[in-house]
Amino acid sequence: DAGITQSPRHKVTETGTPVTLRCHQTENHRYMYWYRQDPGHGLRLIHYSYGVKDTDKGEVSDGYSVSRSKTEDFLLTLESATSSQTSVYFCATMDSNYGYTFGSGTRLTVV
Amino acid sequence: QKEVEQDPGPLSVPEGAIVSLNCTYSNSAFQYFMWYRQYSRKGPELLMYTYSSGNKEDGRFTAQVDKSSKYISLFIRDSQPSDSATYLCAIGTGTASKLTFGTGTRLQVTL
């Protein structure tokens with residue numbers, strides 16, 4: 001997906017460990033988002049950012065924190081991973097026409 | 001009741017068929033209506049976007065919005081095996097800075 005890089009692409013971690021997922025964009029978009037995607041639930045918003053150091057919660061923010069110290073980077077941290085946080089995580093940006101561009105996703109497994 | 005309801009399918013059709021995918025929503029404040037296509041193990045990609053009632057056409061795809069019924073549709077004409085994917089509706093208010101996604105409908109187009 002042009003302009004958005006998510007890392008890592010896959011991760012397996014143990015319950016109770018902290019995990020940080022990274023999203024990097026090259027298009028200088030103001031809005032960035034973290035979603036999780038689970039069967040039967042679709043895409044659910046975790047947190048979003050509307051500028052450097054400006055972030056807000058989404059509908060499933062418990063257990064997650066975010067940081068945005070630069071326009072191009074948006075980090076998602078699971079402070080203490082739980083099995084319920086096993087999911088596919090997508091980062092997205094919004095362009096000036098309100099279209100969202102998604103990254104390729106990070107597949108996280110908490111064991 | 002979810003803000004956006006979408007039949008998860010799966011929907012299986014023969015090549016060349018006309019496909020109709022639908023979502024209903026509950027919040028009359030929604031103004032932006034989008035359809036995303038997601039191939040397996042990929043991020044969603046924007047297909048169609050509209051902010052008014054009526055039809056919008058792009059090649060084989062037509063997006064239809066009926067705000068009075070709170071009902072949106074995506075029609076695919078002359079469906080192809082390459083159209084096999086999950087289709088997600090997404091709806092937003094105001095600046096569309098926060099989209100609400102349907103759970104997605106999985107479509108299989110068979111030869």
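First the proteins, then the strands, lettered A, B, ... as listed; each starts at 1.
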Undergrad: Applying the 4.5 Å side-chain criterion to the ILVMFWY set and letting contacts propagate, would A:Met94 and A:Phe74 be lumped into a single cluster?
TA: no
Undergrad: Is B:Trp35 reachable from B:Leu107 through a run of hydrophobic residues whose side-chain heavy atoms are each under 4.5 Å from the next?
TA: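 Per the 4.5 Å side-chain linkage, B:Leu107 and B:Trp35 are co-clustered.
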Undergrad: Roughly how far, to the nearest 0.5 Å, is the CG atom of B:Leu99 from the OH atom of A:Tyr35?
TA: 5.0 Å
Undergrad: Are B:Phe75 and B:Phe33 grouped together when hydrophobic residues (ILVMFWY) are joined by side-chain heavy atoms under 4.5 angstrom apart?
TA: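 In one cluster with B:Phe75: B:Phe33, no.
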Undergrad: Between A:Arg30 and chain B, which part of the residue has a heavy atom less than 4.5 Å away: side chain, backbone, both or neither?
TA: neither
Undergrad: Taking B:Tyr36 for the side chain and A:Tyr100 for the main chain, is one N or O donor matched with an acceptor at less than 3.5 Å?
TA: yes
Undergrad: Testing the basics here: between A:Leu43 and B:Pro44, what is the closest heavy-atom pair and its distance to 0.1 Å?
TA: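 Nearest pair, atom of A:Leu43 first, then B:Pro44: CD1-CG, 3.9 Å.
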Undergrad: Are A:Leu45 and A:Met32 grouped together when hydrophobic residues (ILVMFWY) are joined by side-chain heavy atoms under 4.5 angstrom apart?
TA: no
Undergrad: Heavy-atom distances under 4.5 Å only: say whether B:Tyr51 touches chain A with side chain, backbone, both or neither.
TA: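 It is neither, since no heavy atom gets under 4.5 Å.
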Undergrad: Which heavy atom of A:Phe90 sits nearest to which heavy atom of B:Gln38, and what is that distance?
TA: CZ-NE2, 3.5 Å
Undergrad: Treating Ile, Leu, Val, Met, Phe, Trp and Tyr as nodes and any side-chain heavy-atom pair under 4.5 angstrom as an edge, say whether A:Ile46 and A:Phe102 lie in one connected cluster.
TA: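 No, A:Ile46 does not connect to A:Phe102 through the hydrophobic network.
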Undergrad: With a 4.5 Å cut-off on side-chain heavy atoms, are B:Leu88 and A:Gln37 touching?
TA: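 Counting from C-beta outward, A:Gln37 and B:Leu88 do come under 4.5 Å.
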Undergrad: Mind checking the NZ-OH spacing from B:Lys98 to A:Tyr33? Nearest 0.5 Å is all I need.
TA: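 Here the interatomic distance stands at 9.5 Å.
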Undergrad: Looking at B:Arg106, I'd like to know if its CZ atom is crowded, meaning that more than 12 non-hydrogen atoms belonging to other residues, nucleotides or ligands lie closer than 6.0 Å.
TA: no
